[in-house]
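As structure tokens, the structure follows; a few thoughts come after it.
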Amino acid sequence: MKIALYGMPCAGKSTLMDRITDAKVINGSQELRRICGGSFSELSEEEKHQVRIKYTEYINALNDEVIVSDGHYSFMETVAFTEADGDLYDIFIYLYCSPENLKERYALSEKNAKFAGESIESLRQWQEFEINNLREECHRRNKDFYVVSDNEEEQNNFFDFLSLLREGFSSYDLATDICNQIMEQFNKQDILYMVDGDKTIIIQDSYRFCCNGKTKIFDGDFYTGYQSFLFEKELQTASIDKSKIAEITINNEVYDIVASNNYVVLSSGIKDLWSDIANAKNLGTIFASPYISADVKYYVVKQLREHGYTIFAYGDSKIDLYMLREADKGFLYIGKRISRSLKNESLSGLVPIYDHSLVILADEDEEVQADIAICKSNSGISGSRLAAAHVRLGEKIGRHIATVFPEKNTSILVLERGGRFFGDGVYMGAGGIFYSMNPKQDDAPVINTERVVIVDSVINTGKSIMRIIDELKNHNPGIDVIIAANAIQNEAVELFKDYLVFATRLSKNSFVGVNQSKQTGKTGPDTADRLFNLIKKRY
């Protein structure tokens, strides 16, 4: 068994390896210097690549039962990982260290002082790049991938985990076993629905709800078999309150789709608890175990597809993400709020299932009320003070949008001129890619993201918004459209019933905007003129 221990410079790989006593431990840096007969760092990139290949040949020739070798996936933008590395090792373990700790260690390290000037955000992105890409390399090769934290408590558990690996535990093998059981039960001629358990097929988190359980094990959002191992140890002291099972609520938005088809529930929860839930709620086939990690779910779907099955998968969080991406069609259940674990993830290609109920902020807090009062047409307030209120309200709306959709693959399309400052606020709160257009002069921009938030200050009939939606969908038919407005007329709400609408307030007050300070009859102060302090006529 050959195990690769990867991680950032100064992550603590050497310290961890010094404590391993029951396997052959090889220091990669020392061996690279030995093979090249000098200073490895002074070689060209091509020369380094060739030395790394020779290193894998050296490791491959060893006959020890268990070998642990350390290494690096990349050095900033330079990838050190080779195809030979991917083929050589049976297991890849990544040692995670917080960017804050890494920066402190670089400041004290003569060898790695060149990284000391990197920002914490840059280090975070570098480490995220390594973890994501190394995981993909393992998925491509059907290899096991685990992430371990560098904190002392987890390092102590790590040695127990190494023993588990020596005994034959493997996320891929567990997936194979589940896959074989599924194939015995279901015909591959039909679509097979693979469904997550907690917060997908049921509304609740069964562990929290029935065991009053709380865990910090998954706070890093890694969801590898190592976190599953820690979770299983934690569950050994869990007590199930079976009286709570009757209160479990089926999520009909998902259940009603899969119930009349062949479906399997794949849960990383407690086996006995899920067995009782299945019996109480008349659910179908259940596979439940704390060892069902994100990679196990991925490999189950991958293997089933390799055997000719068509898989539609449903899930709600990062533990399901790789499964959803691998399925023939992946459905992400968001409901009212997206899982925290997906905040920084790309959800490209997935079909979102979310609550389309109108979201209104009018009664949220006193600050909102004060800004709404400033924005109303009868306030008499124009210019920078009005613009600032629009920005603040827009940012609040943006933060609400961010609780439902991640920033990646989202665009913000601001309608000029009236939507300018409100749209700036939405962009500040929600993030994404910023576009603007003047509907009276411009065609809708070409937007290729999965989702677009169309932002205007005031929506009256909504007909102009619908024309923009048609233009956007002519280019990108699958684009998911969200509407955000400071104020929206009651009559327009019905027009947008198929879209999620965020608004500061609803309004019954409808008039044609002209350059005047007060409403008279069917005309009133134009929002853009007020924002840019262009009101000339007092009445």
Asp177 side-chain N/O to Asp173 backbone N/O, donor-acceptor pair under 3.5 Å = no
Below 4.5 Å, heavy atoms only, C-beta onward: do Ile182 and Met194 meet side chain to side chain?
-> yes
Should Leu304 and Met183 count as side-chain neighbours, where that means a heavy-atom distance under 4.5 Å?
-> yes
side-chain contact (heavy atoms from CB on, under 4.5 Å) assessment of Asp241 paired with Asn212 | CA-CA 8 Å; Asp241 182 355; Asn212 196 28; over 6 Å; no
Should the heavy atoms of other residues, nucleotides or ligands under 6.0 Å from NZ of Lys233 be counted, would the total exceed 12?
-> yes
Answer yes when Arg105 and Asp150 have at least one side-chain N-carboxylate O distance shorter than 4.0 Å, and no when they do not.
-> yes
Which is it for Glu247 and Phe209 under the side-chain contact (heavy atoms from CB on, under 4.5 Å) test, yes or no, and what are the steps along the way?
-> CA-CA 9 Å; Glu247 300 176 39; Phe209 193 72; 3.7 Å; yes
Go through the steps to decide whether Leu16 and Phe159 satisfy the test side-chain contact (heavy atoms from CB on, under 4.5 Å), and finish with yes or no.
-> CA-CA 10 Å; Leu16 192 62; Phe159 296 102; 3.9 Å; yes
Apply side chain to side chain donor-acceptor pair (under 3.5 Å) to the pair Thr176 and Gln303, showing each step before the final yes or no.
-> CA-CA 7 Å; Thr176 301; Gln303 292 185 48; 3.0 Å; yes
Exceeds 12 heavy-atom contacts within 6.0 angstrom, atom NZ of Lys103 = yes
Residue Glu306 excluded, over 12 heavy atoms near CD under 6.0 Å | yes
Does the distance from a Lys or Arg side-chain N to an Asp or Glu carboxylate O, for Arg140 and Glu136, drop under 4.0 Å?
-> no
Ring geometry between Tyr291 and Phe169 (parallel below 30°, tilted from 30 to 60°, perpendicular above 60°) | tilted
Above 12 or not: heavy atoms from other molecules or residues under 6.0 Å from CZ of Arg340?
-> yes
Are side-chain heavy atoms of Ile217 and Glu234 found at a separation under 4.5 Å?
-> yes
Scan Leu321, Leu350, Asn409, Ile338 and name whichever one has a side chain to side chain contact (heavy atoms under 4.5 Å, CB included) with Glu345.
-> Leu321
Verdict with supporting geometry, Tyr193 and Phe312, ring-ring contact (aromatic ring centres under 6.0 Å, His included) | CA-CA 5 Å; Tyr193 291 76; Phe312 285 5; 5.5 Å; yes
Compare all side-chain heavy atoms of Thr410 with those of Val453 and state whether any distance is below 4.5 angstrom.
-> yes
Hey, does the side chain of Ser346 reach the backbone of Lys408 with a donor-acceptor pair shorter than 3.5 angstrom?
-> no
Might you work through the side-chain contact (heavy atoms from CB on, under 4.5 Å) test for Tyr207 and Phe231, ending with a clear yes or no?
-> CA-CA 11 Å; Tyr207 175 54; Phe231 190 41; 3.8 Å; yes
With distance as the sole test, does Tyr226 use its side chain to make a donor-acceptor pair with the main-chain N or O of Phe161 at under 3.5 Å?
-> no
Main-chain N/O of Leu506 paired with Asn490 side-chain donor or acceptor, under 3.5 Å | no
So does Arg392 pair up with Glu395, basic N to acidic O under 4.0 Å?
-> no
NZ of Lys199: more than 12 outside heavy atoms within 6.0 angstrom?
-> no
Heavy atoms from other residues, nucleotides or ligands near CD of Glu367 exceed 12 (cutoff 6.0 Å) = no
Under the 3.5 angstrom rule, does the side chain of Tyr299 hit a backbone N or O of Lys143 as a donor-acceptor pair?
-> yes
Side-chain donor/acceptor of Glu407 to backbone N/O of Lys343, under 3.5 Å | no
Could you tell me how the ring of Tyr89 sits relative to the ring of Phe92: parallel (under 30°), tilted (30 to 60°) or perpendicular (over 60°)?
-> perpendicular
Evaluation steps, salt bridge (Lys or Arg N to Asp or Glu O under 4.0 Å), between Arg135 and Asp295 = CA-CA 9 Å; Arg135 195 171 205 160; Asp295 303 296; 3.0 Å; yes
Short side-chain to backbone donor-acceptor contact, Tyr106 and Pro9, under 3.5 Å = yes
Does atom NZ of Lys188 have more than 12 heavy-atom neighbours, drawn from other residues, nucleotides or ligands, at distances under 6.0 Å?
-> no
For Asp480 and Tyr354, run side chain to side chain donor-acceptor pair (under 3.5 Å): C-alpha distance rounded to whole Å, both residues' side-chain angles, the deciding distance at 0.1 Å, then the answer.
-> CA-CA 11 Å; Asp480 193 22; Tyr354 56 87; 2.8 Å; yes
Is the backbone of Tyr314 close enough, under 3.5 Å, to the side chain of Asp196 for a donor and an acceptor to pair up by distance?
-> no
More than 12 heavy atoms from other groups under 6.0 Å of NZ on Lys2 | yes
Could you tell me whether the side chain of Lys297 and the main chain of Met323 form a donor-acceptor pair under 3.5 Å?
-> no
Counting distance only, does the side-chain N/O of Lys242 pair as donor-acceptor with the main-chain N or O of Leu273 below 3.5 Å?
-> no
